[in-house]
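See structure below.
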Amino acid sequence: MASISGICSSSPTLNHHNHSTPKRRRTPLLPSFPKPLPPRSLAREAPTQLSAITKPLHTNLESDPRALWLRYVDWLYQHKELGLYLDVSRVGFSDDFIRQMEPRFEAALRAMEELENGAIANPDERRMVGHYWLRDSTRSPTSFLKSQIDNTLDAICTFANDVVTGKIKPPSSPEGRFTQILSVGIGGSALGPQFVAEALAPDNPPLKIRFIDNTDPAGIDHQIAQLGPELASTLVIVISKSGGTPETRNGLLEVQKAFREAGLNFPKQGVAITQENSLLDNTARIEGWLARFPMFDWVGGRTSEMSAVGLLPAALQSIDIKEMLAGAALMDEANRNTVIRNNPAALLALCWYWATDGVGSKDMVILPYKDSLLLFSRYLQQLVMESLGKEFDLDGNRVNQGISVYGNKGSTDQHAYIQQLREGVHNFFVTFIEVLRDRPPGHDWELEPGVTCGDYLFGMLQGTRSALYANNRESITVTVQEVTPRSVGALIALYERAVGIYASLVNINAYHQPGVEAGKKAAGEVLALQKRVLAVLNEASCKEPVEPLTLEEVADRCHAPEDIEMIYKIIAHMAANDRALIAEGNCGSPRSIKVFLGECNVDELYA
Ligand SMILES: O=P(O)(O)OC[C@H]1O[C@H](O)[C@H](O)[C@@H](O)[C@@H]1O
């Protein structure tokens, strides 16, 4: 047989996929490209259902230093107990704009109040939205929900304490106690714990945390390899609200395989965080895992950091979770204020509306000047974009809402993309996150007369803020004293509420994610098609002599000629992983290839 060339690889392999009955498909898996849209006008139209708000097309930002200082002082929001400030002076909204927005804010704040009182705030899924109750259970609408929250928090504290003190031990570790956490989860079941670990974990936590948040086999292998012999003292926390997310299931199966190969007893080291009676919950119960913690129907994944999802991993790293909850509760209280300028979340939402024309016309760039807040922008990306990125509003009008979020950290980004922010396309507004305390007390020193390392960081932030403003680029600054469990809890609560208020302002449901399903469904169809391709190839490879097939022949025999491009991609992927052989041609010229399987699977043939 001819050898392989191009991007395909050569070694034969066995395949064990089930045979499924081929069905004729109507919709191709790779849709043809839609016609290009006409260029978007600079000022997009406001959503049809809401009365238009007048805003000058080009904002004339205040340039007189004295007037700017007065604007700064006038609008500065301070939360004394949290030591948190919000400066919106470098966003150019006018008094007239605020007057026009006031009725919408009144409605939005009323909607938030109803949500907190237990209204069905997620109408599509007929669900309450209760993440605010997690940090003040007395606000839950029923005593049953209150006891669920309180009992879960108690259970988390007791379990974490028992693990950290070694009362709960891994069965076969020479260390005699758990030393590592391997967290398996994706999206809202990973981003909060990742952000909080990066922000708050001490340098030497009692348990170090690692994450599997993808179905990338090489990434999973890397995490397991890094654990090495410490797998024996690893607590595996599998997190999934639905309990059926494929990536998380795959991560679990891979980890369980590693445990088997190391001769370890997985259930004695496994913890599940999921909704009661989900697939994951049932598996954990039947297999007798070490512990199970609930996720609640009324807490969405992207707002679950203050549930067991975020609190258990944090507590195991000795992060003070009660302080996180206290910070969030204080912020929630402030965000119930009905006067816009005294309500930090409302102020943020106001700035977002102004900066993006209420239609997402500008991106939100998040720039924390603190390494430990590196993952804040990634965390906010899901919170903001999955909540606000919606095709339809609550009245069924097509609005294609959303605000794009990206960012990394300063001053690092000043040596990368800030060039474009200062001088390039004007399609963003910035949020600086400033941390006043540079280092723990007693560690500072002057690396040149009168100047510390932290002074440079401060100077970089202030310099960038001024330079951007001088070029008409708007910015918000959120300032905290220190990165502590309390301030991180407050930051999370601030953005959760700002998203909720903004969603009301633009009349969308912030608490569902219908768009995510389309990709998941399409992925399922690709895998189903792959099984059919394998069955067809297996049949041809079992012939004497073996019958290599062209792509057209595979597509015909799969009864899926319209899916030939996807079939090509499936075959190229299998060939790159030594699971199919290219007999002729190469993957660079798809029409030339003839493909077969290295071995015939007779069982599969008669399955
Ligand atoms: O926690 P899970 O049910 O596994 O869900 C994990 C993630 O999956 C989905 O893709 C949703 O869009 C996310 O909102 C969710 O956080």
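Whatever order the structure lists ligands and atoms in, that order sets their numbers, starting from 1.
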among protein heavy atoms, the one nearest atom 9 (C) of ligand 1 is Lys520 NZ, 3.4 Å
**Asked** Using a distance-only test with no angle check, is there a side-chain donor-acceptor pair under 3.5 angstrom linking Gln401 and Asp393?
**Response** no
The closest protein heavy-atom partner of atom 15 (C) of ligand 1 is Gly188 N, 4.0 Å
query: For Ser240 and ligand 1, does the shortest N/O to N/O distance drop below 3.5 Å?
result: yes
shortest atom 7 (C) of ligand 1-to-protein heavy-atom contact is with Ile186 O, 3.8 Å
At under 4.0 Å between heavy atoms, what of Gln513 touches ligand 1? The answer is side chain
- Using a strict 4.0 Å threshold on nitrogen-to-oxygen distance, state whether Glu113 and Arg110 make a salt bridge. no
| field | Lys257 bridged to Glu254 by N-O distance under 4.0 Å | value | no
Heavy-atom proximity to atom 4 (O) of ligand 1, picking from Leu383, Thr274, Thr245, points to Thr245
Any side-chain donor-acceptor pair under 3.5 Å between Glu125 and Asn122? yes
Note: ligand 1 atoms sitting under 4.0 Å from heavy atoms of Val516 are 10 (O), 12 (O)
| field | contact_flag Gln382 ligand 1 heavy-atom lt 4.0 Å | value | yes
Pair Thr484, Ser487: side-chain N/O donor-acceptor within cut-off below 3.5 Å:
yes
Note: heavy atom closest to atom 13 (C) of ligand 1, options Gln275, Glu247, Glu386, belongs to Glu386
Ser387 side-chain N/O to Val384 backbone N/O, donor-acceptor pair under 3.5 Å = no
Quiz item: When you look at Phe428 and Tyr406, which way does the ring-ring contact (aromatic ring centres under 6.0 Å, His included) test go after all the steps?
Solution: CA-CA 10 Å; Phe428 67 92; Tyr406 65 93; 7.9 Å; no
